[in-house]
There are 2 protein chains.
Amino acid sequence: MADVTLRDVARASGCSVATVSRVLAGTRPVGADTARRVRAAAASLGYRPNHAARALRNRATGTVGLVLPQITNPFYPALVRELTHALHAEGRAVLLADCDDDPVAEAERIEDLLGRRVDALLVIPADERRSRDAVAAAAARVPLVLLDRRCGPGVADSVAVDNAAGMALVLEHLAATGRRRPCFVGAHGTASAAAERRAAYAAGSGALDAAAPERTALGDFSVAWGRAAVDALWEARPDAVVCANDLIAIGVLQRLQELGADVPGEVAVTGFDDIPMAGLAAPGITTVRQPVAELAAEATRLLAHRLGADGAGPQRALRLAPDLVVRGSSAAPHVRA
Amino acid sequence: MADVTLRDVARASGCSVATVSRVLAGTRPVGADTARRVRAAAASLGYRPNHAARALRNRATGTVGLVLPQITNPFYPALVRELTHALHAEGRAVLLADCDDDPVAEAERIEDLLGRRVDALLVIPADERRSRDAVAAAAARVPLVLLDRRCGPGVADSVAVDNAAGMALVLEHLAATGRRRPCFVGAHGTASAAAERRAAYAAGSGALDAAAPERTALGDFSVAWGRAAVDALWEARPDAVVCANDLIAIGVLQRLQELGADVPGEVAVTGFDDIPMAGLAAPGITTVRQPVAELAAEATRLLAHRLGADGAGPQRALRLAPDLVVRGSSAAPHVRA
DNA sequence: CTGAAAGCGCTAACAG
DNA sequence: CTGTTAGCGCTTTCAG
């Protein structure tokens with residue numbers, strides 16, 4: 001089943017390859033009658049354009065690379081879904097690269113994608129600092145948008161959730177439902193999710209209780225750390241545990257329940273991201289829902305802009321406001337009592 | 001920053017493009033001295049081969065398409081991770097397509113990938129029946145391996161977990177820990193996960209209790225169904241609820257706990273797949289762990305074989321045996337009593 | 001409006 | 001061992 005080429009279609013429709021190309025690409029006006037003949041011939045032969053040839057000629061592959069730290073991070077599948085859908089809708093294909101949280105592997109994957117002539121790159125950097133060089137080098141060669149995380153200022157366009165706004169929503173909600181002794185279980189590091197959420201808690205929790213900003217424990221973004229943090233913080237008897245992400249919150253909730261604490265009667269627990277597990281815990285975990293579809297839409301819009309004719313312009317850093325999803329883990333204490 | 005081509009390297013190293021090509025591709029013997037000069041020139045100019053040109057010439061893009069129903073299905077991220085790693089290790093790139101569980105979208109994505117001249121396709125079909133035509137058509141054009149699910153006999157090579165073996169492990173474990181009144185919460189449909197697990201329960205549970213095969217409720221693979229099923233089955237007071245996947249098991253566990261049942265003291269709960277949430281439930285859910293890394297390795301091996309020189313041979317259907325992961329949800333009753 | 005022809009960057013005969 | 005040459009399939013001047 002030899003592939004059908006433009007020449008075959010040209011022969012079958014009795015005109016030149018140039019004409020066929022013009023008809024099929026709609027590049028230039030073509031006689032209505034010729035056009036019909038060409039289309040008929042193409043259809044009957046089952047012609048399919050060869051993207052490789054097109055890419056060579058046009059210097060554009062219609063492909064974007066999506067580089068992410070770990071597809072198994074439960075927050076990413078939803079993002080990947082929205083991104084691929086948005087890009088497919090524009091006729092682009094997505095080359096996926098998982099880096100296993102390793103900046104070295106990340107640099108290799110980015111190199112490979114550039115070699116494959118992706119038109120643009122969407123990157124969720126693995127590490128705030130160690131991803132920087134590879135990302136900056138790539139951004140010098142193709143349009144690049146940073147997603148979810150950044151890697152230092154001035155590297156590339158970026159789109160992410162407004163972590164401060166999200167944390168503020170949590171604190172407001174806790175205040176409104178009568179909590180007065182919050183504590184925070186966060187993560188070390190300078191990545192935006194860690195640093196910004198930490199800072200927002202520090203800035204906002206003082207309104208509930210002057211000592212609240214100090215009731216903070218830092219570890220990593222894991223269930224195990226959430227469990228461990230409870231053992232450090234519970235003796236201070238907080239009435240709310242604000243967690244930097246949902247995995248931590250799941251660990252916190254589990255450990256509190258093991259210790260016999262009443263959630264939410266005695267203590268509320270909140271997360272961040274709204275991964276699927278957050279809704280499945282019992283009670284469901286109140287959390288900050290990232291606007292995943294919008295993040296994806298904005299990222300692709302930014303890319304499309306950079307790929308367009310007037311793609312110049314200053315670097316952009318976009319922050320999208322999240323929503324609060326209230327579930328059982330933070331139900332007002334008196335409702336339950 | 002004009003791209004550096006073979007010609008530039010040839011000029012810089014004082015030899016022909018053919019020679020440069022041979023050095024860089026290692027296709028044919030080349031003088032050691034020339035080779036060194038070429039490599040030096042390539043490095044200093046920052047030469048990067050143009051994959052599009054190569055693809056056009058070689059009629060191979062070094063790319064495989066990965067088509068899956070829903071990346072947000074919690075079992076797939078781990079599989080995608082292993083697949084991309086395995087393929088990257090062979091120097092291939094992965095074009096990802098998410099179909100949103102829609103066979104029509106799936107057919108479109110497959111068409112697009114074929115147009116982009118993927119060398120091969122890895123497909124997790126969305127629907128046993130309605131995916132069949134598109135998959136069969138694609139399989140006629142490029143090597144194609146079906147993963148996790150099949151879509152009718154004789155369509156293409158396939159790799160999947162041995163569902164019957166997994167279910168047998170569960171039943172053996174329940175028998176060994178003294179359970180005698182199991183019931184089954186499964187899913188309708190003819191997809192392998194649904195049908196084979198259902199059949200294996202029907203075949204194996206009779207050994208525990210002659211009436212066991214009849215204590216079966218069928219819905220879909222969701223948490224909501226798991227919850228609903230409990231309301232239908234609990235009055236029969238089974239001492240074990242065997243679920244067709246982990247999502248169902250999570251729903252079952254939640255609902256049982258809400259009804260005040262003691263898990264595992266009074267009733268055991270088991271799942272299938274070992275998605276991350278299974279380990280995070282409280283108690284952890286005993287489940288059948290799919291050999292994800294091996295599934296990915298076998299699938300890529302099969303593809304590599306088909307892409308190789310001697311890629312002919314009969315169609316292959318490979319079944320991999322899973323492991324049982326015992327967690328708290330099925331701890332022996334007397335241990336707890 | 002249409003055709004002829006020149007490549008995009010690379011590889012593989014085919015000669016030397 | 002190395003250079004010359006002819007395309008892979010497509011788009012795009014440039015003529016007509």
Side-chain angles (χ1 to χ4, degrees), chain A residues 1-39 41-42 45-63 91 114-119 141-142 309, chain B residues 1-42 45-63 91 114-119 141 309:
Chain A
M1 196 211 231
D3 276 334
V4 183
T5 77
L6 269 193
R7 283 185 48 175
D8 301 321
V9 178
R11 237 187 316 254
S13 61
C15 57
S16 74
V17 289
T19 305
V20 176
S21 169
R22 295 196 266 252
V23 172
L24 268 26
T27 324
R28 281 163 163 289
V30 171
D33 194 50
T34 329
R36 212 167 307 118
R37 280 211 323 283
V38 168
R39 257 186 273 276
L45 293 179
Y47 170 74
R48 304 156 168 297
N50 183 322
H51 276 249
R54 235 188 253 223
L56 179 56
R57 192 48 236 226
N58 294 343
R59 315 172 145 285
T61 54
T63 292
L114 289 174
R116 287 172 191 275
R117 296 298 195 274
V118 291
D119 294 340
R141 316 228 294 124
V142 296
Chain B
M1 196 210 234
D3 275 334
V4 183
T5 77
L6 269 193
R7 283 185 46 173
D8 301 321
V9 178
R11 238 188 314 256
S13 63
C15 58
S16 75
V17 289
T19 304
V20 177
S21 169
R22 295 196 266 254
V23 172
L24 268 27
T27 325
R28 282 160 162 289
V30 171
D33 193 49
T34 329
R36 210 167 308 117
R37 278 210 323 282
V38 168
R39 256 185 273 277
L45 293 179
Y47 170 74
R48 305 155 167 300
N50 183 324
H51 276 249
R54 236 184 245 210
L56 180 56
R57 192 50 236 226
N58 294 344
R59 310 171 150 285
T61 54
T63 293
L114 289 174
R116 287 173 193 275
R117 297 296 195 274
V118 291
D119 294 340
R141 318 227 294 123

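- Looking at B/Asn58, its side chain never comes within 3.5 Å of a backbone N or O of B/Ala60 through a donor-acceptor pair.
- Taking every side-chain heavy atom of A/Arg22 into account, C/dG3 is the closest of D/dC10, D/dA6, C/dG3.
- Ion pairing between A/Arg59 and A/Asp119 fails under the 4.0 Å rule for side-chain N and carboxylate O.
- The side chain of B/Tyr47 has C/dC10 as its nearest neighbour among D/dC10, D/dT2, C/dC10.
- With B/Arg116 contributing its side chain and A/Gly62 its backbone, the two residues share a donor-acceptor pair below 3.5 Å.
- Note on A/Ser21: a base of the nucleic acid sits closer than 4.0 angstrom, heavy atoms only.
- When the P atom of C/dG9 is taken as reference, atom CG of B/Leu56 falls 12 Å away, rounded to whole Å.
- For the pair B/Asn58 CG and D/dG7 P, the computed distance is 17 Å after rounding to whole Å.
- For A/Arg54 and D/dT11, the shortest distance from a side-chain N or O to OP1 or OP2 is below 4.0 Å.
- Relative to the side chain of A/Thr19, the nucleotides C/dT2, D/dT12, C/dT11 differ in distance, and C/dT2 lies closest.
- Counting to the nearest Å, the C1' atom of D/dT12 and the CZ atom of A/Arg59 are 13 Å from each other.
- Atom CZ of B/Arg116 and atom C1' of D/dC10 are 16 Å apart (whole Å).
- For B/Arg57, the listed nucleotide lying nearest its side chain is C/dT11; candidates were C/dT11, D/dT2, D/dC10.
- Residue B/Arg7 contributes atom CZ, which lies 7 Å from atom P of C/dC8 at whole-angstrom precision.
- Between C/dG9 and B/Thr5, no contact under 4.0 Å exists linking OP1 or OP2 to a side-chain N or O.
- The backbone N or O of B/Arg117 sits less than 3.5 Å from a side-chain atom of B/Thr61, completing a donor-acceptor pair.
- B/Asn50 has its CG atom 13 Å from the C1' atom of C/dT11, to the nearest Å.
- A side-chain donor-acceptor contact under 3.5 Å links A/Ser13 to the backbone of A/Val9.
- Place B/Ala18 and A/Arg48 on DNA chain D by their nearest nucleotides, and B/Ala18 ends up nearer the 5' end.
- Of the two residues near DNA chain C, A/Cys15 and B/Pro49, the one whose nearest nucleotide lies more 5' is A/Cys15.
- As a whole-Å value, the separation of A/Arg11 CZ from C/dA4 C1' is 16 Å.
- Following rounding to the nearest Å, A/Arg37 (CZ) and C/dC1 (C1') show an atom-to-atom distance of 13 Å.
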